[in-house]
Asker: 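One structure follows; several queries about it will come next.
Counting starts at 1 for both ligands and their atoms, following the listed order.
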Amino acid sequence: MSQFLSNCSVDALATAAQSLREGSLVAFPTETVYGLGADATNAQAVARIYEVKGRPADHPLIVHIADLKYLEQWISDIPEYAIALAREFWPGPMTLILQRSELAKDFITGGQGSVGIRIPDNSLALGLLDAFHKLGGAGIAAPSANRFGQVSPTTAEAVQEELGSYLSDTDLVLDGGPSVVGVESTIIDCTGELPRILRPGAITIEMIEEVSGLKVSDSTEKKSEEVSGLKVSDSTEKKSDDFKREDIRVSGSLEIHYAPKAKVFLDQQPVYGSGFIAIKSINTPNGVIRLAAPESVEEFARVLYSALREGDHQGLSSIYIEQPIGNGLAVAIRDRLARSTQGRN
Ligand code: TXA
Ligand code: MG
């Protein structure tokens, strides 16, 4: 059982940073979802992340840093457009995939030639990272703090529920209240001439195109390459020796993911006794349990995972969701929901 810290003073963050340096795990809030952190240069600590999550060991982890000045040590190359994106959207819900340096070992990158980096926009996360860098730490590796394939936690209680029995006495869970974004960061592959979205999130394709001035492809939206005429050609890409762009693996893009125990149905008439999530203007059908009634797409993202968890707490066998339409954050919500329907039930 881990320790649960709800009043995170500067001293408490320094203690948490020290635990990380000593090889313990620290779960912490970010603006997207809660992460399960380990010292990204400590192979044994990182191995425990995989154990606690029950995640296959070849899946790469995102390295979190507090400031752009800590980026350089992790990477060997960065295109101009990625620098522009970093300046504009960090700290924020965006992960950049860049060619790795020697510091980013196989146990972080899953043996790939690239590394994922993010500066989160959450004061507690940044406080922890600052304290960690002060102790000589280079970065905190942190996947979402859920068991593999399950719904990401957006509160410290949800982390405790997911992982509490797998964590040890020296591990910590920091409570920073509910995550404000609610879905995981946008992952952008920046190893080619053009940015490519590997996982949609709150930093949208429109925002990336505006800042980079480039046409962006979204590999998560089927046929988007054909539609935009952007078939990425291998020969035009810069690669390190051990790196091939098409080899990139994103565990979030596996079919089974983000799945509650209940079976999820999308855009269908809910049956009696099932859970229901939809934008507020849609009425609750008779005999159906309303789990969330968000007023905007932003609120939809913020409450979605806790609503799915609530359905599980209530022991519901099915949850019906009316998906938000349109671009922007709605794309990320539909992406996660499409995967959650493939899951266990
Ligand atoms: O919002 C987020 O990104 C949260 C918070 C805690 O920062 N983290 C998160 O981590 O969602 P995780 O491990 O649950 O999902 C990160 C995804 C994984 O699917 C992983 O495969 C992908 O990022 N990823 C990490 N490094 C990569 C790399 N070098 N190349 C391709 N994909 C990578
Ligand atoms: Mg995850």
Asker: Please check whether T32 reaches ligand 1 - meaning an N/O of the residue sits under 3.5 Å from an N/O of the ligand, judged on distance alone.
Answerer: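 Yes - when backbone and side-chain N and O of T32 are compared with those of ligand 1, one distance drops under 3.5 Å.
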Asker: Given that the side chain starts at C-beta and the backbone is N, CA, C, O, which of these parts of D189 lies under 4.0 Å from ligand 1, counting heavy atoms, or is it both or neither?
Answerer: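 The answer is neither.
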Asker: Look at S152 and state whether any of its N, O or S atoms is less than 2.8 Å from the Mg ion (ligand 2).
Answerer: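 False for S152.
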Asker: Strictly by modelled atom types, are T204 and E206 linked by a side-chain donor-acceptor pair under 3.5 Å?
Answerer: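 The answer is yes; a qualifying pair exists.
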Asker: So, do R87 and V211 sit near enough that their side-chain heavy atoms are less than 4.5 Å apart?
Answerer: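 R87 vs V211: side chains apart.
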Asker: If you measure from the Lys or Arg side-chain nitrogens to the Asp or Glu carboxylate oxygens, is any gap between R199 and D335 under 4.0 Å?
Answerer: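 No, this pair does not count.
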Asker: Pairing donors with acceptors under 3.5 angstrom, does anything connect the side chains of T109 and R100?
Answerer: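 Yes, a side-chain donor-acceptor pair sits under 3.5 Å.
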Asker: Considering only heavy atoms from C-beta outward, does the side chain of L329 approach that of E298 to under 4.5 Å?
Answerer: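 When only atoms from C-beta onward are counted, E298 and L329 do touch, with a gap below 4.5 Å.
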Asker: Mind checking whether R118 contacts ligand 1 via backbone (N, CA, C, O), side chain (CB onward), both or neither, at a 4.0 Å heavy-atom cut-off?
Answerer: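 The part of R118 near ligand 1 is the side chain, not the backbone.
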Asker: At less than 4.0 angstrom from any non-hydrogen atom of G116, what atoms of ligand 1 do you find?
Answerer: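 Heavy-atom distances to G116 below 4.0 Å select 26 (N), 29 (N).
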Asker: Which of the atoms in ligand 1, numbered in the order shown and given with their element, are less than 4.0 Å from a heavy-atom of G35?
Answerer: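 By the 4.0 Å cutoff, the relevant atoms are 6 (C).
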Asker: Going by the atom numbers of ligand 1, which of them fall below 4.0 Å from some non-hydrogen atom of S144?
Answerer: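 That gives atoms 8 (N), 9 (C), 10 (O), 12 (P), 14 (O) of ligand 1.
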Asker: On a heavy-atom basis, I'd like to know which of I62, V181, I97 is closest to atom 28 (C) of ligand 1.
Answerer: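 Heavy atom nearest to atom 28 (C) of ligand 1 belongs to I97.
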Asker: At a 4.0 Å cut-off, with the gap strictly under it, does some heavy atom of S114 reach an atom of ligand 1?
Answerer: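 Contact present.
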Asker: For ligand 1, is any non-hydrogen atom under 4.0 Å from S185's backbone (N, CA, C, O), its side chain (CB onward), both, or neither?
Answerer: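 The answer is both, backbone and side chain.
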Asker: Distance under 4.0 Å to a non-hydrogen atom of V115: what atoms of ligand 1 satisfy this?
Answerer: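 Listed by number with element: 29 (N).
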Asker: Just distances here: any N/O of Y34 and N/O of ligand 1 closer than 3.5 Å?
Answerer: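 So ligand 1 has no N or O lying under 3.5 Å from an N or O of Y34.
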Asker: Quickly, which of R118, E184, H64 forms a side-chain hydrogen bond (donor to acceptor under 3.5 Å, both in side chains) with T30? Name it, please.
Answerer: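 Only one option passes, and that is R118.
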Asker: Please identify which atoms of ligand 1 are closer than 4.0 Å to at least one heavy atom of I187.
Answerer: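 Atoms satisfying the 4.0 Å criterion: 17 (C), 22 (C), 23 (O).
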Asker: When you look at Y320 and F276, which way does the ring pair (Phe, Tyr, Trp, His ring centres under 6.0 Å) test go after all the steps?
Answerer: CA-CA 5 Å; Y320 286 73; F276 185 55; 8.0 Å; no
Asker: Quick one: does H64 get an N or O within less than 3.5 Å of an N or O on ligand 1?
Answerer: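 So ligand 1 has an N or O lying under 3.5 Å from an N or O of H64.
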Asker: Assess whether side chain to side chain contact (heavy atoms under 4.5 Å, CB included) is satisfied between F300 and I277, documenting all intermediate values.
Answerer: CA-CA 9 Å; F300 205 122; I277 300 172; 4.0 Å; yes
Asker: Please confirm whether Q112 comes under 4.0 Å of ligand 1, counting heavy atoms of the residue only.
Answerer: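 Right, Q112 reaches ligand 1.
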Asker: Which of the listed options, M94, E184, R55, E31, holds the heavy atom that is closest to atom 18 (C) of ligand 1?
Answerer: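 The residue whose heavy atom sits nearest atom 18 (C) of ligand 1 is R55.
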Asker: Are a donor atom and an acceptor atom from the side chains of T95 and S185 found within less than 3.5 Å of each other?
Answerer: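 There is such a pair (donor and acceptor under 3.5 Å, judged by atom type) between the side chains of T95 and S185.
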Asker: For E162 and N146, test the side chains for any donor-to-acceptor distance below 3.5 angstrom and give the result as yes or no.
Answerer: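 No.
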Asker: Hey, does R199 come in under 3.5 Å of ligand 1, counting only N/O atoms on both sides?
Answerer: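 Yes, at least one N or O pair falls under 3.5 Å.
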Asker: Just wondering, more than 12 heavy atoms not from Q268 lying within 6.0 Å of its CD?
Answerer: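 Atom CD in Q268 is packed in, count exceeds 12.
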